[in-house]
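All remarks here apply to the structure that follows.
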Protein chains: 2
Amino acid sequence: MSDHNRATIRLVARHAGVSPATVSRVLSGSRQVSAINRDKVLGAVAELGYSPHITAQNLATGQSRIIGVVVPDLSNPHFTTLVKRLIHASAADSYEVLVADSDEVVDTECSLATDLLRRCDGVVMCNPRADDQALLALTEHDKPVLFVNRRFTTSEVSTAITDVGPAMEDITRHVLDLGHRRIAYVGGRVQSYLDTQRWSAIQRAGAGDDVELFRLPIDEHIPSWTSIAKTVLDLECTAVLANNDIGAVSLAATLTRMGVDVPGDISIAGFDDTPLASWFTPALTTARIRTDELGEVAWDAMSQMIVDPSTVIHSMLVATAVFRESTATRSTRPRH
Amino acid sequence: MSDHNRATIRLVARHAGVSPATVSRVLSGSRQVSAINRDKVLGAVAELGYSPHITAQNLATGQSRIIGVVVPDLSNPHFTTLVKRLIHASAADSYEVLVADSDEVVDTECSLATDLLRRCDGVVMCNPRADDQALLALTEHDKPVLFVNRRFTTSEVSTAITDVGPAMEDITRHVLDLGHRRIAYVGGRVQSYLDTQRWSAIQRAGAGDDVELFRLPIDEHIPSWTSIAKTVLDLECTAVLANNDIGAVSLAATLTRMGVDVPGDISIAGFDDTPLASWFTPALTTARIRTDELGEVAWDAMSQMIVDPSTVIHSMLVATAVFRESTATRSTRPRH
DNA sequence: TTGAAAGCGCTAACAA
DNA sequence: TTGTTAGCGCTTTCAA
């Protein structure tokens with residue numbers, strides 16, 4: 001039963017006593033076909049177990065019904081959720097999803113996207129960190145490209161963005177209210193759009209008072225939490241805002257192991273509100289990003305762009321702060 | 001700049017003053033071409049910014065250089081890791097990965113796989129739970145199908161399996177050594193191959209003594225950990241072995257919230273050794289599955305099967321127990 | 001409503 | 001080494 005003797009539309013046509021065109025019409029419903037012929041065709045299709053050769057369809061129609069998605073790291077639950085949602089949303093419209101993972105290597109983002117664009121009807125770029133010029137060049141391929149969590153100076157490209165500012169401001173004000181005055185923002189890559197937004201929000205909320213803010217970016221693939229924890233202690237920070245829940249949890253676990261109490265000695269907040277945030281002890285103060293909604297919105301935009309390539313869409317969701325146990329009143333007792 | 005005025009191989013040929021076949025040969029390296037013509041072709045390619053139309057290539061060659069993978073739940077870090085590894089391993093051979101997610105719905109596994117098989121050069125089915133017959137039918141499509149973590153009575157289909165038995169036996173003996181005599185196995189779907197293996201291992205290790213074993217499967221999508229916790233308490237189990245880390249952590253968190261001490265009152269073990277297992281407090285006793293290695297092995301097998309469709313491969317990895325803080329000596333003090 | 005025929009853009013067998 | 005030619009399997013004008 002090799003691939004060679006697959007039924008073709010020609011064979012079906014012969015069996016049904018009609019032309020290939022008629023078979024095509026019946027199967028695609030693109031035109032009316034007489035009931036008699038339709039039945040003959042469907043009979044032959046069933047009898048031969050025929051199903052159209054997708055690649056041939058693609059070539060003839062110029063559509064692949066595949067979209068591509070490029071993520072920096074599929075291991076990150078945030079992107080996993082986004083991709084999963086994208087898969088299900090697009091599956092409802094009979095699209096399939098080709099997933100590429102840049103492993104946080106900025107230079108590969110665009111080449112992955114270019115490769116995908118050659119096979120797909122459109123590409124979703126998640127949290128890209130390449131420079132504007134390189135990213136905008138992707139839109140020259142005449143296929144829809146949607147940028148998630150990235151803003152451009154031009155508004156001519158489609159974007160779907162989570163506004164993390166308000167939540168980050170709320171969290172910052174929250175720890176200020178708890179008495180903290182030396183606050184570190186830990187994690188994130190400097191070129192990341194969302195990270196820039198978070199840091200700006202922290203600065204906005206922390207401005208004025210006798211507050212000291214520290215930014216501790218992470219650019220290694222596997223960060224050394226021990227050295228970050230030491231830095232935090234050296235800087236005498238009593239509150240740490242992390243760029244995501246994984247970072248918050250890792251740092252909290254490291255500090256705990258070093259004998260530092262969380263949140264007794266140091267308050268810690270995460271970001272993303274992954275399930276982890278509520279499982280962890282202490283449960284994390286964090287910000288909820290409706291990632292699945294973002295996936296939904298991304299597919300809405302992409303599907304419209306596929307239908308009408310001139311479409312430009314700008315979607316915006318807003319993250320909201322969630323307060324739990326990992327942030328507490330600043331203690332005055334000395335740390336060991 | 002519409003898709004219509006993309007350069008074709010014909011145009012390149014004309015610009016270079018050669019035939020399309022020569023252009024094809026230069027680009028694919030399938031045959032020697034004179035240096036002069038090669039340069040002319042490469043020049044024209046550069047000048048026109050030509051890149052081959054992949055779909056047309058696919059149709060002509062009968063290969064897509066895409067593989068498909070079907071997972072029950074991409075949110076599960078275990079599958080995320082597997083898929084990520086598969087993406088990177090196959091990318092090294094210029095393959096791309098189409099991801100489908102069955103959302104734990106057994107009935108959709110095979111139809112997703114069938115859809116993928118029509119576009120892909122091969123499909124990897126992860127932890128499928130459909131019945132043997134339905135799964136084996138997938139191999140009739142004359143495209144390579146690799147089954148991960150599933151065994152069949154026939155050995156004619158390719159498989160890549162993690163042997164979870166030894167680790168589960170070790171963990172069971174470990175809690176027996178700690179004095180536990182009423183032990184529950186929580187989580188997992190009854191039809192899951194790995195779950196069956198785990199439960200058998202527990203039974204093997206727990207046989208003989210005055211030991212009571214309970215199997216508490218989970219078949220809801222979002223399990224009620226509270227009611228599971230109650231069941232565990234009602235059964236007076238002092239040790240709970242979970243089918244994965246997420247389950248262990250969820251249950252542990254729930255019990256803690258109910259005032260039960262882990263591991264003071266109840267010992268808990270996970271499975272998979274995800275990062276979560278070491279972050280969690282108490283750090284989880286669990287079993288390490290080298291999921292990335294499994295992804296690697298899966299691609300090795302798949303790539304060989306693509307080259308030679310008659311290839312049948314059976315790969316086996318072995319999970320190993322990891323002992324941490326979440327399992328402890330059975331306490332004799334009464335529970336509240 | 002139907003069929004014939006011309007592609008879609010590429011590869012590969014064959015001949016030169 | 002090169003070009004000609006015939007497909008790959010489908011869709012879609014165009015004419016009937």
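So that the names make sense, note that chain A is the first sequence line, chain B the second, and so on, each numbered from 1. Predicted, not measured: the structure shown is a model, and the values here were computed from it.
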[N] [atom2] sits how many Å from [X] [atom1], rounded?
| X | N | atom1 | atom2 | answer |
| --- | --- | --- | --- | --- |
| B:L11 | C:dC10 | CG | P | 10 Å |
| A:Q63 | C:dG9 | CD | C1' | 17 Å |
| B:I9 | D:dG7 | CD1 | C1' | 15 Å |
| A:I36 | C:dT1 | CD1 | P | 12 Å |
| A:R10 | D:dC8 | CZ | P | 7 Å |

Select one nucleotide: of D:dC10, C:dT2, D:dT11, the one nearest the side-chain heavy atoms of A:R31.
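It is C:dT2.
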In terms of side-chain heavy atoms of A:S24, which of D:dT11, D:dG3, C:dA4 is nearest?
D:dT11
[X] side-chain N/O to [N] phosphate OP1/OP2 under 4.0 Å:
| X | N | value |
| --- | --- | --- |
| B:N37 | D:dT2 | yes |
| B:Q57 | C:dG9 | no |
| A:T55 | D:dG9 | no |
| A:T61 | D:dT11 | no |

Tell me which of B:V33 and A:L59 sits closer to the 5' end of DNA chain D, going by the nucleotide each one is nearest to.
B:V33
Nearest-nucleotide 5' precedence on DNA chain D, B:A60 against B:R25:
B:R25
Straight-line distance of A:I9 CD1 to A:Y50 OH, nearest 0.5 Å:
4.0 Å
Going by atom types alone, do B:D292 and B:T81 pair a side-chain donor with an acceptor below 3.5 Å?
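No, because no side-chain N or O of B:D292 sits under 3.5 Å from a partner of the opposite role on B:T81.
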